[in-house]
Q: 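Attaching a single structure in structure tokens format; questions to follow.
Just so we're clear, the structure is a prediction, and the values are computed from it rather than from any experiment.
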Amino acid sequence: MAVSRLRSYCGPAFLSYGFRPFFLLGSLYAALSILFWLPMYAGELDAHSAFVPVDWHIHEMLFGYLPAILTGFLLTAIPNWTGRLPVQGLSLLALVVLWLAGRVAVFFSADLGWQAAAVIDGSFLFAVATAAAREIIAGRNWRNLKVLLPLAVLAGANGAFHIEAHLEGISDISRRLGMAAAIMLISLIGGRIIPSFTRNWLVRENPGRLPAPFDRFDKASLVISATALGAWTFAPDHGASGTLMAVAAVCQAWRLQRWAGERTLRDPLVLILHLAYAFVPIGLAFVSASIFFPAIVPAAAGLHALGTGAVGAMTLAVMTRATLGHTGLKLKAGRGALFIFVAVLLAGSLRVLAAFVPNGAVIDMAGAAWVAAFAGFALVYGTALMMPKAR
């Protein structure tokens, strides 16, 4: 059914599948927002946002960039999960316009009013969650309903972010809640695709030890991680939160080790998934350490390991692989892919380093690497995302 629908579609290729507009626009926005953020951080530029500069930066990474990539992924994956028709054409265009409207509304929220900006911005995630729930339920694909929970939490955190920033002057709980939702999405989706892609490549190219199948340990790791992130969200300085985050870090590290990533060195498309996911246990460990040893480990180290590292690298890895696979290009990392992989890993590593070495030059280098990675993605794959699928 999906193939038939795609063959009869006569509109622009750019609107034929969800990953096309959202991966391209999301990558461009990721680069552009950091180009704005660096002079804002240095006090040389101001937005017309009701948010203070640091909140604008956090919001647009967690609730601007990430939802775009998540939407592109879900609108592409759900038809495969359910066998139903993909969202395309005018329906897809409406979602794209709604996302763009949210970015404009947040940037000019001081002029527009925070309530109006919150409604416009929040409508996008609500629409995506509604569409995803409708398709999963209609397709009776019950096992993937669990993806909707962190998506709903992300949507709720976005609304809370606007309210908290208005009432308190700066976000606090809502920014951690948004990060917690992002990491649980990575844990759920990454825990599905990383061992699957690794197994497929190893069976074909490097027979031997294979990734462990999803079992009770994975379920326990997800429950522990969700509990730890929840405790950290509402009690970020409590010793119990630090202990739970440490346990979650160990579980996530062991979970990653079970996926045989060290055997994928010859395929960068698979290896990058493992390297990106490694930022999850690293970030959880840094958060734990910052609670117990705040004078030694700054809180920003854990936040940026999870954000710049895990969210940035994992989304870019998934975007690259999905773009290659769904546009008919060869599923192989060329020089362009290698460049953006190195750049995003460098961005994550440098931004964590900058937390320990509060030097503007290090932050600028991290920002430059991030911009290179996401602008590089748009440059390397932009044409493929806008053109019909290669035959």
Side-chain angles (χ1 to χ4, degrees), residues 11-12 14-37 40 45-53 55-76 86-135 151-166 171 174-175 178 181-182 185 311 315 319 374-375 378 382 385-386:
F14 188 60
L15 296 175
S16 64
Y17 238 127
F19 75 94
R20 291 178 179 272
F22 282 111
F23 285 3
L24 181 56
L25 293 175
S27 63
L28 289 171
Y29 189 69
L32 183 63
S33 62
I34 295 302
L35 285 176
F36 270 98
W37 167 241
M40 287 171 67
L45 181 67
D46 191 18
H48 288 256
S49 177
F51 294 147
V52 297
D55 269 352
W56 178 84
H57 169 59
I58 293 170
H59 184 275
E60 291 308 282
M61 289 294 97
L62 282 177
F63 306 112
Y65 162 71
L66 177 59
I69 307 309
L70 179 61
T71 300
F73 173 82
L74 288 176
L75 293 184
T76 305
V87 175
Q88 56 187 180
L90 291 178
S91 297
L92 180 56
L93 178 61
L95 285 175
V96 172
V97 170
L98 190 57
W99 177 77
L100 289 170
R103 310 288 56 77
V104 173
V106 169
F107 192 84
F108 292 102
S109 55
D111 304 316
L112 184 63
W114 77 271
Q115 300 99 326
V119 170
I120 296 170
D121 177 49
S123 298
F124 176 72
L125 272 172
F126 177 79
V128 172
T130 301
R134 179 194 65 202
E135 292 302 306
L151 180 60
V153 172
L154 189 67
N158 186 26
F161 195 103
H162 284 273
I163 296 171
E164 189 177 30
H166 174 69
S171 68
S174 55
R175 64 169 68 172
L185 280 165
V311 174
T315 52
M319 289 159 61
F374 287 91
L385 289 168
M386 291 188 291

Q: F107 vs F36 aromatic rings, parallel, tilted or perpendicular, using cut-offs 30° and 60°?
A: perpendicular

Q: Do F63 and F51 make the cut of ring centroids closer than 6.0 angstrom?
A: no

Q: What closest approach, in Å, do L154 and A181 show between heavy atoms, and which atom pair accounts for it?
A: N-CB, 3.8 Å

Q: Would a 4.5 Å heavy-atom cut-off, applied to side chains only, mark L45 and M40 as touching?
A: yes

Q: Compare all side-chain heavy atoms of L70 with those of V128 and state whether any distance is below 4.5 angstrom.
A: no

Q: If you round to the nearest 0.5 Å, how far is CD of Q115 from OG of S109?
A: 10.5 Å

Q: Could you give me the CA-CA distance, side-chain angles and deciding distance for F124 and T71, then say whether side-chain contact (heavy atoms from CB on, under 4.5 Å) is met?
A: CA-CA 10 Å; F124 176 72; T71 300; 3.3 Å; yes

Q: Does a donor on one side chain and an acceptor on the other come within less than 3.5 Å for E60 and S33?
A: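 On atom types as modelled, these side chains do not qualify, holding no pair under 3.5 Å.
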
Q: Using modelled atom types only, decide if a donor and an acceptor are shared between the side chain of S171 and the backbone of F161 within a distance under 3.5 Å.
A: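 No: the side chain of S171 does not pair with the backbone of F161.
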
Q: To the nearest 0.5 Å, how far apart are CG in L66 and CG in L125?
A: 8.5 Å

Q: Please determine whether the number of non-hydrogen atoms from other residues, nucleotides or ligands lying under 6.0 Å from atom CZ of F14 exceeds 12.
A: yes

Q: Shortest non-hydrogen contact from T315 to Y65?
A: OG1-OH, 2.6 Å

Q: For the residue pair P86 and Y17, what are the closest heavy atoms and their distance?
A: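 What the structure gives for the nearest pair is CB-CE2, 3.6 Å.
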
Q: What's the shortest heavy-atom distance between A182 and L62, and which atoms?
A: CB-CD2, 4.3 Å

Q: Do H59 and D121 come close enough that some side-chain heavy atom pair is under 4.5 Å?
A: yes

Q: Look only at the side chain of R20 and the backbone of L15, and say whether a donor-acceptor pair between them is shorter than 3.5 Å.
A: no

Q: Taking all non-hydrogen atoms of both residues into account, name the closest pair between L98 and A127 and its distance.
A: CD2-CB, 4.1 Å

Q: Of all the heavy-atom pairs spanning S174 and A160, show the shortest one and how long it is.
A: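 Smallest heavy-atom distance, with atoms named: CB-C, 3.8 Å.
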
Q: With a 4.5 Å heavy-atom cut-off, do F23 and I69 have their side chains touching?
A: yes

Q: Counting C-beta onward and ignoring hydrogens, is there a side-chain heavy-atom pair between M61 and V311 closer than 4.5 Å?
A: no

Q: Could you check if a side-chain atom of V119 sits within less than 4.5 angstrom of a side-chain atom of H162, using non-hydrogen atoms only?
A: no

Q: Within the 4.5 Å heavy-atom criterion, are F22 and V96 side-chain neighbours or not?
A: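 Contact flag for F22/V96 side chains = yes.
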
Q: Taking the side chain as every heavy atom from C-beta outward, state whether F374 and L32 have any pair of such atoms under 4.5 Å apart.
A: no

Q: What's the separation between atom CD1 in I34 and atom OH in Y29, rounded to the nearest 0.5 Å?
A: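 Answer rounded to 0.5 Å: 9.5 Å.
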
Q: Give the intermediate values and the outcome of side-chain contact (heavy atoms from CB on, under 4.5 Å) for residues R175 and D55.
A: CA-CA 8 Å; R175 64 169 68 172; D55 269 352; 2.9 Å; yes

